[in-house]
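Side-chain atoms are counted along with the backbone in the values below, which use heavy atoms only and exclude waters and symmetry mates.
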Amino acid sequence: TLPRIIAIFREPVALVHSFYWHSVREGRETLDFRGALAAESDRLVRHEAFLQRRGRIVYSYRRIAQYATHLQPYLARFPMARCLFLLTEDLKDFQGLVRKLEAFLELDHVPGLKPVISNAAALPRSPVLHRWLRERSLVKEAAKHVLPSSLRHRLKMRAIEANLKPFRIPPLEADLADCLRRHYADEMRKLEG
């Protein structure tokens, strides 16, 4: 029996916009959103060696949500009937989503499942402290010899969270949203089966 593939995607335009703000939070992006999109191709070429080491996700705003392209190796090997593609918007009807998943996987209903909300938008109060907590340092290297890994991780995550302040992502400009929707239209059609 062939395995089943389940993928839950965020609406592409929302993902790209959110990923941009995540890059701002992490200190990797200094341009505004329109400028970052305009500079994407040039940056990917200019920083190719760095991106090979680090991973191509940095500056890859348009590429990140090319779902059909990323899934092509799987789509070539598995029939669409063995694939279930959902959008994160489907999580709004959590019980409906659970029923859809149970039906696709041919599972009995499990009562009492509840959604968990996590990863709220936030920006660092101190970008310098945020970078220091995320990057290697002599202090953190020295702590490796004194503190167990699990304790170091908990302390680091608490410090990161304490340094974050809630942030409401500004709305995306309508012309940019339309341009991105057109860019992803074919990708989304390929997943409709």
Side-chain angles (χ1 to χ4, degrees), residues 7-67 70 86-92 94 97 114-144 147 149-184 187:
I8 301 179
F9 304 113
R10 189 164 186 186
E11 190 277 325
V13 176
L15 174 69
V16 172
H17 195 225
S18 176
F19 177 63
Y20 163 80
W21 283 104
H22 176 76
S23 296
V24 169
R25 181 181 87 184
E26 295 303 309
R28 291 189 299 260
E29 185 57 76
T30 56
L31 300 176
D32 67 10
F33 187 54
R34 187 179 296 274
L37 288 175
E40 179 178 357
S41 296
D42 179 58
R43 285 168 146 183
L44 291 174
V45 170
R46 207 166 11 115
H47 300 289
E48 185 174 10
F50 165 76
L51 297 173
Q52 288 290 342
R53 287 190 311 276
R54 177 92 190 233
R56 288 191 172 264
I57 196 166
V58 179
Y59 305 132
S60 296
Y61 298 109
R62 285 186 181 88
R63 290 183 187 179
I64 194 172
Q66 291 177 318
Y67 302 136
H70 298 313
L86 304 164
L87 290 172
T88 53
E89 286 75 16
D90 296 328
L91 294 171
K92 290 176 184 170
F94 183 74
L97 175 64
K114 292 184 170 49
V116 175
I117 296 172
S118 63
N119 199 20
L123 285 177
R125 288 178 174 84
S126 167
V128 173
L129 175 60
H130 189 78
R131 268 193 310 278
W132 183 82
L133 290 166
R134 292 284 193 186
E135 296 172 356
R136 296 183 118 176
S137 75
L138 293 175
V139 173
K140 291 192 290 186
E141 289 298 318
K144 286 183 180 180
L147 301 172
S149 174
S150 60
L151 178 59
R152 286 193 324 268
H153 180 73
R154 279 197 312 274
L155 291 172
K156 174 183 167 181
M157 296 314 292
R158 283 188 184 152
I160 287 172
E161 288 174 24
N163 187 43
L164 293 176
K165 60 184 174 191
F167 174 73
R168 170 164 260 154
I169 293 176
L172 178 57
E173 297 170 46
D175 66 316
L176 276 179
D178 290 341
C179 178
L180 287 168
R181 275 189 208 93
R182 285 191 303 276
H183 176 77
Y184 293 116
E187 288 281 324

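Residue pairs meeting the side-chain hydrogen bond (donor to acceptor under 3.5 Å, both in side chains) criterion with at least one partner in residues 7-21, sequence neighbours excluded, are Arg10-Ser18, His17-Trp21.
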Dump the intermediate steps for side chain to side chain contact (heavy atoms under 4.5 Å, CB included) on Glu26 and His130, then the final yes or no.
CA-CA 8 Å; Glu26 295 303 309; His130 189 78; 3.0 Å; yes
List the steps, then state whether side chain to side chain contact (heavy atoms under 4.5 Å, CB included) holds for Ile64 with Leu15.
CA-CA 8 Å; Ile64 194 172; Leu15 174 69; 4.2 Å; yes
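Salt bridge annotation for Glu141-Lys144: present, with a cationic side-chain nitrogen under 4.0 angstrom from a carboxylate oxygen.
Separation of atoms NZ (Lys140) and CZ (Arg134) is listed at 9.5 Å; rounding is to 0.5 Å. A distance of 10.5 Å separates NZ in Lys92 from CG in Leu87, rounded to the nearest 0.5 Å.
Summarising the geometry of Ala122 relative to Arg25, their closest heavy-atom pair is O-CD, 2.8 Å, with the distance given to 0.1 Å. Across all non-hydrogen atoms, the minimal contact from Leu91 to Leu97 is CD2-CD2, 2.9 Å. Residues Val24 and Leu123 share a closest heavy-atom pair of CG1-CD2, 4.4 Å. Minimum interatomic distance between Arg63 and Tyr184 (heavy atoms only, all atoms of both residues): N-OH, 4.4 Å. Taking every heavy atom of both residues into account, Ser60 and Leu44 meet most closely at OG-CD2, 3.5 Å.
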Using distance only, find each side-chain donor-acceptor pair of residues 150-168 under 3.5 Å and give its atom names and separation, not counting sequence neighbours.
{"unit_1": "Arg152", "atom_1": "NH1", "unit_2": "Leu147", "atom_2": "O", "d": "2.7"}
{"unit_1": "Asn163", "atom_1": "OD1", "unit_2": "Ser126", "atom_2": "N", "d": "3.1"}
{"unit_1": "Asn163", "atom_1": "ND2", "unit_2": "Ser126", "atom_2": "O", "d": "3.0"}

Less than 3.5 Å apart, which donor and acceptor atoms pair up between the side chains of residues 28-37 and the rest of the protein, not counting sequence neighbours?
{"unit_1": "Glu29", "atom_1": "OE1", "unit_2": "Arg43", "atom_2": "NH1", "d": "2.7"}
{"unit_1": "Glu29", "atom_1": "OE1", "unit_2": "Tyr61", "atom_2": "OH", "d": "2.5"}
{"unit_1": "Glu29", "atom_1": "OE2", "unit_2": "Leu31", "atom_2": "N", "d": "2.9"}
{"unit_1": "Glu29", "atom_1": "OE2", "unit_2": "Arg43", "atom_2": "NH1", "d": "3.3"}
{"unit_1": "Glu29", "atom_1": "OE2", "unit_2": "Arg43", "atom_2": "NH2", "d": "2.8"}
{"unit_1": "Asp32", "atom_1": "OD1", "unit_2": "Gly35", "atom_2": "N", "d": "2.6"}
{"unit_1": "Arg34", "atom_1": "NH1", "unit_2": "Asp175", "atom_2": "OD2", "d": "3.1"}
{"unit_1": "Arg34", "atom_1": "NH2", "unit_2": "Glu173", "atom_2": "OE1", "d": "2.5"}
{"unit_1": "Arg34", "atom_1": "NH2", "unit_2": "Asp175", "atom_2": "OD1", "d": "3.0"}
{"unit_1": "Arg34", "atom_1": "NH2", "unit_2": "Asp175", "atom_2": "OD2", "d": "3.0"}

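Lys114 places no side-chain N or O within 3.5 Å of a backbone atom of Phe94 that could act as its donor or acceptor partner.
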